[in-house]
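Letters A, B, ... are given to chains in the order of the sequence lines, protein chains preceding strands, and every chain is numbered from 1.
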Amino acid sequence: MKDQVRKAVEESLKKQFPELGGKSLDVAVDYPTQERFGDYTTNAALQLAATLKKSPREIAQAAAAALADDPLFASVEMAGPGFINFTLSPRTWFENLREVEEKGESYGHSQATPSKKIQVEFVSANPTGPLHVGHGRGAAVGDTLARLLKAAGHQVETEYYINDIGRQMKVLGRSVYLRLLELSGRKITFPDDHYQGEYIRDIARRLLEEKGERLLAMEEEEAIERCRGAAANEILGAIRSDLDAFGVHFDRWFSEASLFEKGEVAAALEDLKKRGYIVERDGATWFASSRFGDEKDRVVVRQDGDTTYFASDIAYHWDKFRRGYDLVIDVWGADHHGYIPRMKGVVAALGYKPEQLEVVLIQLVNLLRKGEKVSMSTRGGTFVTLREVLDEVGRDAARYFFLMRRSDSPLDFDLDLARSQSNENPVFYVQYAHARVCSIEQKAKEAGVPIPAHGQVDWRRIASAEERRLMKKISRFPEIVAQSAAHLEPHRLVYFLHELSGDFHHYYNHTRVLIDDAETSAARFFLVRCVKRVIHNGLALLGITAPQRM
RNA sequence: GCGCCUGUAGCUCAGCUGGAUAGAGCAGCGGACUUCUAAUCCGCAGGCCGGGGGUUCGAAUCCCUCCAGGCGUGCCA
């Protein structure tokens, strides 16, 4: 719709002012801040005033007059310093609803041009413990981004990167081994920097029961390695099942260890070396990230010959890009923001465009209970797990809360609020709107009222201000989805659904849908079913259910 | 010190690729259920958009500067 308006404005301006020539004008069509200014507005005249050497009002007046006859519009007016305001006829708005009926479940989806091959990598938590709420936020955002990008017409794959090798894993193995020794009656001292959580004891207990004797008989080194493997498997299994319960599924689970097994770490570094971005200095090997705007170069192979975590990351992204993605999206905790320049440097050094890597940062989640901050520490084991939050507030509320703020700003997650079955809980507000339409459908069915089709509805019956407002919002949905995807900002969709629900609740409270006047009744019924469709599709993109009744 | 992010109503936040009188939820006050679900709706109140300067016809939005807070600044992951 917006595009049609834009095209009309552009054509009219060019006709009125031939001196503008054939080039695209790139006029901006917006939604006015106030309803009395109409449905759409453009500031094109204000912008062109300087080029045309005419007053903005003069330009706007001429353009508006030329557009007045366009059947698309009910009225076109010049206003203020030189805005052109457009009001569409109720009939035009109604015609837009045909698409809702035609597309059904896929209403809101669009075909981006160009359609890109995109990978979204998210969560990627070390398998050293259960997922906590912070991971939950990353999971909700990453998963929703993938859904949004698909809906916007891209080809999307999701991936979880498993850090299944390295120092943290050794610490995990040793933590379990020590607990195992402890459980078998030995006296141990458990270091502070090892994993303190109770789940470590649980794993050790199971290992002791199943193969305790063999493990205890082994060389310590080997036993620790066995403990590590068993623990990582078990924890990863738990992570998968937590994510499953959260409605998050990955197309691929990618192992860091596999990068070494396949020799990709060496190959990637060799590639960079050939391109001239690897330097030897102070007995270590460095990636010349300072040549790409990073503060300094970064070590990839340490003096002792071990590769750094960064080397794995290089290899991982080397692998990703070789798989042919046009765009790679990494969802990271905000505390990793300092790594963006060096990663982008890697991408550039490998011959890709830095913009082909987008990093979405996820800020901290502060859990609140009874208004008090719940303190968390991963190492100390005093964190609240995603599973606990899911058990307490449910999947829908959890996802909604994680998604309702911009991901790069810290989030206060009020457990009591999310759990409350009351009007204070924003997720119900949207779901309730859906359930109310379902309820109307139920009543209609009982009364033998048929479901109206677009072709049978008389648009004149739904031309009130409230009804036009609903129609406008409904027709805006595909644009919101496309924008949320393009900006990688799921919260935009959340706000939109909240607004649409608000408009609907208002309408519902003031206008009875099923009434004796069959024509009006059918028209209203059709309209609210379109609202239901949008809420349903929108919640689906957020991974939230749309209940029939509440 | 340097870098990134943030500062908008009592609280939590939208709005930030410049537009007309800055929005929402919660909290507060006052109203609306014999009618499709009151988990709803209506009304009232609440703001030097952190301070200052600049660019512009026009700034919450862009630039500079200062202040406050968070994070980062490892041959850790």
Side-chain angles (χ1 to χ4, degrees), chain A residues 28 30 32-34 36-37 41-43 46-47 49-50 55-56 79-83 85 126 128 163 165-169 171 256 281-286 293-296 298-313 333-341 361 363-364 366 368 371 404-406 408-414 417 420-433 435-444 446-447 449 487 489 491-492 494-496 498-499 501-502 504-515 521 524-525 528 549-550:
Chain A
D30 280 313
T33 47
Q34 289 172 66
R36 67 191 173 88
F37 293 137
T41 186
T42 181
N43 61 357
L46 289 148
Q47 308 233 307
S55 87
F83 294 103
N85 294 335
N126 291 354
T128 55
N163 300 115
I165 196 167
R167 215 189 68 168
Q168 292 311 309
M169 295 310 293
V171 174
E256 180 184 358
R281 194 193 312 142
D282 304 333
T285 307
W286 306 66
D294 196 8
E295 292 168 28
K296 54 177 191 174
R298 307 289 172 176
V299 170
V300 289
V301 183
R302 301 189 306 217
Q303 258 179 354
D304 63 13
D306 280 354
T307 56
T308 60
Y309 176 87
F310 182 46
S312 295
D313 254 357
D335 54 342
H336 287 68
H337 70 78
Y339 294 81
I340 297 174
L361 295 177
Q363 269 290 0
L364 278 172
N366 295 312
L368 303 177
M404 72 181 179
R405 302 279 179 244
R406 280 174 49 175
D408 61 356
S409 79
L411 170 72
D412 283 339
F413 192 120
D414 189 327
L417 181 60
S420 74
Q421 304 281 310
S422 77
N423 56 348
E424 293 169 32
N425 195 333
V427 66
F428 294 128
Y429 188 79
V430 178
Q431 291 182 316
Y432 188 47
R436 274 182 148 175
V437 180
C438 292
S439 174
I440 293 172
E441 287 176 333
Q442 185 58 34
K443 277 284 183 304
E446 285 164 14
V449 176
H487 292 262
E489 291 180 340
H491 77 275
R492 294 186 185 219
V494 176
Y495 273 86
F496 170 81
H498 192 267
E499 272 175 33
S501 302
F504 170 75
H505 285 309
H506 172 90
Y507 182 64
Y508 182 92
N509 272 278
H510 292 86
T511 316
R512 201 181 154 78
V513 174
L514 301 175
I515 53 175
S521 183
R524 290 176 180 173
F525 192 16
V528 298
R549 52 190 317 138
M550 293 173 71

A:Pro410 to A:Gln363 - nearest heavy-atom pair and separation: N-CB, 3.5 Å

Near-parallel close stack of A:Phe37 and B:A20 base (under 5.5 Å, under 30°): yes

Shortest non-hydrogen contact between A:Asp294 and A:Pro341, atoms and distance: OD1-CB, 3.8 Å

A:Gln168 and A:Thr128: side chain donor to acceptor below 3.5 Å: no

List every contact pair, protein side and nucleotides 74-76 of chain B side both N or O, where the distance is under 3.5 Å.
unit_1, atom_1, unit_2, atom_2, d
B:G74, OP2, A:Lys296, NZ, 3.3
B:C75, O2, A:Gln303, N, 2.7
B:C75, N4, A:Asp282, O, 3.1
B:C76, OP2, A:Arg302, NH1, 2.4
B:C76, N4, A:Tyr339, OH, 3.0

Mutual orientation of the aromatic rings belonging to A:Phe504 and A:Tyr508 [parallel < 30°, tilted 30-60°, perpendicular > 60°]: tilted

Pairwise side-chain contact, A:Val299 with A:Phe310, heavy-atom cut-off 4.5 Å (strictly under): no

Residue met sooner reading RNA chain B from 5', once A:Thr41 and A:Phe310 are mapped to nucleotides: A:Thr41

B:A59 to B:G18 separation - P atoms, rounded to the nearest Å: 14 Å

Short side-chain to backbone donor-acceptor contact, A:His505 and A:Tyr429, under 3.5 Å: yes

Listed partners of A:Thr33 passing side-chain contact (heavy atoms from CB on, under 4.5 Å), at least two apart: none

Sugar-phosphate, base or nothing in reach of A:His491, heavy atoms under 4.0 Å: sugar-phosphate

Under 4.0 Å protein heavy-atom contact, by nucleotide of nucleotides 41-49 of chain B - B base, S sugar-phosphate only: SS-------

Under 3.5 Å: donor-acceptor pair, side chain of A:Asp282, backbone of A:Ala284: no

Set of residues satisfying side-chain hydrogen bond (donor to acceptor under 3.5 Å, both in side chains) with respect to A:Glu489, sequence neighbours excluded: A:Arg492

Non-hydrogen side-chain atoms of A:Arg302 and A:Thr308 separated by less than 4.5 Å: yes

Aro-ring/base stack A:Phe83-B:G19, d under 5.5 Å, angle under 30°: no

Backbone of A:Ala28 reached by a side-chain donor or acceptor of A:Thr42 within 3.5 Å: yes

Stems involving RNA chain B, each a run of at least 3 consecutive Watson-Crick or G-U pairs under 3.5 Å: B:1-7 with B:67-73, B:10-13 with B:23-26, B:28-32 with B:40-44, B:50-54 with B:62-66

Distance-minimising heavy-atom pair for A:Phe37 and A:Asn85: O-CB, 3.0 Å

Selected nucleotide, minimal atom distance to A:Leu514 side chain, candidates B:A39, B:C36, B:C13: B:C36

Annotated protein contacts, base or backbone, on nucleotides 4-10 of chain B with a non-hydrogen cut-off under 4.0 Å, one of B, S, - each: BSS----

Listed nucleotide nearest any side-chain atom of A:Pro81, set B:C36, B:G19, B:U21: B:G19

Exercise: identify the closest heavy-atom pair between A:Arg524 and A:Ile515: NH1-CD1, 3.5 Å

Minimum-distance nucleotide (side-chain atoms of A:Leu46 versus B:A20, B:C57, B:C36): B:C57

Most 5' of A:Asn43 and A:Ile165 on RNA chain B, judged by nearest nucleotide: A:Asn43

